[in-house]
K.L.:
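Once you've had a glance at the structure underneath, I'll fire off some questions.
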Amino acid sequence: MTLPCGAKTESNTMVEPVPVEFDFTGVPPPRVFEPPPGSKVVPRRILSPIHHYLSRSRKPFWSEDLIFTQPPRIYVDQKSVFREIASVTQLRRGDHCMITLNVLRCLSPWIDYLVSLMGSLELSHLYHHFVILEDVDHVDQFGVPRTKQGAIVHIMEYSNTVEGFIEEVRVKSFGEWLALPKVFLDCILQKARCGRVPLADYGDMPHIFRMEERLTEQQRERIVHDAEQFIANPQAYNILWSNCEHTTNLVSGKQQFTSPEVHFFLWSICRYFLTFFGLATLHAVTMQCYSRYCLQYPFWALAAYYTCTALPVLAQIVVQFGRLAHTVAASWRKSLISRNDVYHLLLKEGCPAQFSTEPWPSASSCGRRTFYTSPTEGIPSEFLLPSCLPTSQATLSLHCSHR
């Protein structure tokens, strides 16, 4: 039986305010971390957004009303197409979904909404992945997505919040400052746990993205079954080798234990390192050979410069745009996107490549000399640079995508 707000039990203890008219069946209890044996730390209860919605303290940002459909996007692996959903009621069991990665989740509803909006406006390209476990039929009066039978819709994910992480460190450290470094290190390596979480916990981040794929009923049943098995026997979390994207790709239609976002991140670091190394090498070579070769053969000096800078980037643009065009064509043949979506993606990805090229200097400008400003006289000829060889990183910073 549900007690009214502010009522007292026989032991004369206060009962937290609870709406009388709501049945809490299926609602997960607040999270509590058990203190280690011998600890005198009193654990606190960590409320999730669904508890705030059901207690009417606030409402989620999403709604059941359909809005206009967003155009598709190309994922970082250049092989997948995803799209922002128009309404949460479009989600079905087995869907591979994403939201903008938010390390400050649940600190403030408005911070969550701002981060979610950044993903919708393509200002952020880092995503958190999860799998839908039940079909969403409607959104109730509290803003909680429910099934046709009225049950709360859940997802499978690796997750944690800042508040939960701080509470876990506080409880496991026995409340002692000296134990904080070791406990912090242990908790940061296992900062997320795989579990069955209500979809309503992301009500403050209404911009949800879904991978575009055709799934049969048998495939959806298989995905949900594998997800439930993974929840029962989860793997230890690791941000590089076993994160939320690895798990979602393993149980989803792709069935591959992989994380394209990690691959893209590692490749970006390697690419920027090679860029700066190439700049330093090119600068050193230019200083050494200017007086001997550049002045005598300005055309070949210019050709060598752009061969080392522009041509590799141009080749990368052509290869990645070719992969993108192949993905778009394959998605259109599978009826995942419309013809207008095809035009949108090709134009959207093609324009940055067209406008990112630096104008080629004319051959007549070669041979001119530009001097470094120096308080001394008698500047050696090795410090004379032709104006036709740019010294900035503008040419090397050409990118073949919008990311």
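Values below: all heavy atoms of this structure, side chains included; hydrogens, waters and symmetry mates excluded.
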K.L.:
Can you list every side chain to side chain donor-acceptor pair (under 3.5 Å) pair that touches residues 334-345, not counting sequence neighbours?
P.N.:
Arg83-Asp341, Ser338-Asp341
K.L.:
Does the side chain of His125 reach to within under 4.5 Å of the side chain of Phe264, using non-hydrogen atoms?
P.N.:
no
K.L.:
Looking only at non-hydrogen atoms, find the nearest pair between Trp62 and Leu199 and report the distance.
P.N.:
CH2-O, 3.3 Å
K.L.:
Hey, can you pull the donor-acceptor pairs under 3.5 Å for the side chains in residues 108-116, sequence neighbours left out?
P.N.:
from: Ser108; atom 1: OG; to: Trp110; atom 2: N; distance (Å): 3.3
from: Asp112; atom 1: OD1; to: Asn102; atom 2: ND2; distance (Å): 2.8
from: Asp112; atom 1: OD1; to: Cys106; atom 2: N; distance (Å): 3.3
from: Asp112; atom 1: OD2; to: Cys106; atom 2: N; distance (Å): 3.1
from: Ser116; atom 1: OG; to: His207; atom 2: N; distance (Å): 3.1
from: Ser116; atom 1: OG; to: His207; atom 2: ND1; distance (Å): 2.8

K.L.:
Which atoms form the tightest heavy-atom contact between Gly94 and Leu215, and what is the distance?
P.N.:
O-CD1, 3.7 Å
K.L.:
Got a donor-acceptor contact below 3.5 angstrom from the His51 side chain to the Ser48 backbone?
P.N.:
yes
K.L.:
Between Glu261 (side chain only) and Tyr127 (backbone N and O only), is there a donor and an acceptor less than 3.5 Å apart?
P.N.:
yes
K.L.:
Taking side chain as C-beta onward, heavy atoms only, is Tyr53 less than 4.5 Å from Lys59?
P.N.:
no
K.L.:
Side chains of Met156 and Cys194: does their closest heavy-atom pair fall under 4.5 Å?
P.N.:
yes
K.L.:
Test Gln255 against Arg222 for side chain to side chain contact (heavy atoms under 4.5 Å, CB included), laying out the working first.
P.N.:
CA-CA 11 Å; Gln255 292 187 278; Arg222 193 272 308 165; 3.5 Å; yes
K.L.:
Would a 4.5 Å heavy-atom cut-off, applied to side chains only, mark Pro60 and Pro49 as touching?
P.N.:
no
K.L.:
Side chain to side chain contact (heavy atoms under 4.5 Å, CB included) between His129 and His246: does it pass, once the steps are laid out?
P.N.:
CA-CA 9 Å; His129 301 250; His246 286 96; over 6 Å; no
K.L.:
Mind running side chain to side chain contact (heavy atoms under 4.5 Å, CB included) on Cys97 and Ile155 for me, showing each step along the way?
P.N.:
CA-CA 10 Å; Cys97 296; Ile155 63 176; over 6 Å; no
K.L.:
What's the separation between atom CG in Asp137 and atom CD in Gln149, rounded to the nearest 0.5 Å?
P.N.:
8.0 Å
K.L.:
From Ile208 CD1 over to Thr100 OG1, what is the distance, rounded to the nearest 0.5 angstrom?
P.N.:
10.5 Å
K.L.:
Of all heavy-atom pairs between Ser120 and Arg73, which one has the smallest distance, and what is that distance?
P.N.:
O-NH2, 2.7 Å
K.L.:
On a heavy-atom basis, which atom in Val328 and which in Val342 lie closest, and how many Å separate them?
P.N.:
CG1-CG1, 3.7 Å
K.L.:
Is Arg196 close to Glu228 at the side-chain level, that is, under 4.5 Å between some pair of heavy atoms?
P.N.:
yes
K.L.:
If you draw a 6.0 Å radius around CZ in Phe265, do more than 12 non-hydrogen atoms from other residues or ligands fall strictly inside?
P.N.:
no
K.L.:
Could you check whether the rings of Phe209 and Phe82 sit parallel, tilted or perpendicular, using 30° and 60° as the cut-offs?
P.N.:
perpendicular
K.L.:
Given Asp135, which of Arg93, Arg220, Arg146 fulfils the side-chain hydrogen bond (donor to acceptor under 3.5 Å, both in side chains) condition?
P.N.:
Arg93
K.L.:
Please give me the minimum heavy-atom distance between Ser331 and Val81, naming the atom from each residue.
P.N.:
OG-CG2, 3.3 Å
K.L.:
What heavy-atom pair brings Ser173 and Arg170 nearest, and what distance separates the two atoms?
P.N.:
OG-O, 3.1 Å
K.L.:
Between atom CZ of Arg210 and atom CD1 of Ile85, what is the distance when rounded to the nearest 0.5 Å?
P.N.:
6.5 Å
K.L.:
Are the side chains of Ile132 and Val224 in touch, meaning some heavy atoms are under 4.5 Å apart?
P.N.:
no
K.L.:
Given Ser124 and Leu101, is the side chain to side chain contact (heavy atoms under 4.5 Å, CB included) satisfied, shown in steps?
P.N.:
CA-CA 8 Å; Ser124 174; Leu101 184 64; 5.9 Å; no
K.L.:
Is Glu167 salt-bridged to Arg31, cutoff N-O under 4.0 Å?
P.N.:
no
K.L.:
Look at the side chain of Arg193 and the backbone N and O of Tyr237, then say whether any donor-acceptor pair between them is shorter than 3.5 Å.
P.N.:
no
K.L.:
Rounded to the nearest 0.5 Å, what separates atom CD1 in Ile50 from atom NE2 in His52?
P.N.:
11.5 Å
K.L.:
Do His263 and Asp77 come close enough that some side-chain heavy atom pair is under 4.5 Å?
P.N.:
no
K.L.:
Using 4.0 Å as the upper bound for N to carboxylate O, is an ion pair formed by Asp201 and Arg105?
P.N.:
no
K.L.:
State the CD-CG distance between Glu212 and Asp95, to the nearest 0.5 angstrom.
P.N.:
9.5 Å
K.L.:
For the backbone of Thr248 and the side chain of Ser252, can you confirm whether one donor and one acceptor N or O come within less than 3.5 Å of each other?
P.N.:
yes
K.L.:
Please tell me if the side chains of Val153 and Thr147 come closer than 4.5 Å, counting only heavy atoms from C-beta onward.
P.N.:
yes
K.L.:
How long is the span from the OG1 atom in Thr161 to the CG atom in Leu47, to the nearest 0.5 Å?
P.N.:
10.5 Å
K.L.:
Would you say the side-chain atoms of Thr327 pair up with the backbone N or O of Gln78, donor to acceptor, closer than 3.5 Å?
P.N.:
yes
K.L.:
Look only at the side chain of Asn243 and the backbone of Glu245, and say whether a donor-acceptor pair between them is shorter than 3.5 Å.
P.N.:
yes
K.L.:
Would you tell me whether Thr247 and Gln235 have side-chain atoms, one donor and one acceptor, within less than 3.5 Å of each other?
P.N.:
no
K.L.:
Does a donor on one side chain and an acceptor on the other come within less than 3.5 Å for Gln256 and Thr258?
P.N.:
no
K.L.:
Only one of Glu134, Glu213, Glu217 clears salt bridge (charged side-chain N to carboxylate O under 4.0 Å, His left out) with Arg92; which?
P.N.:
Glu217
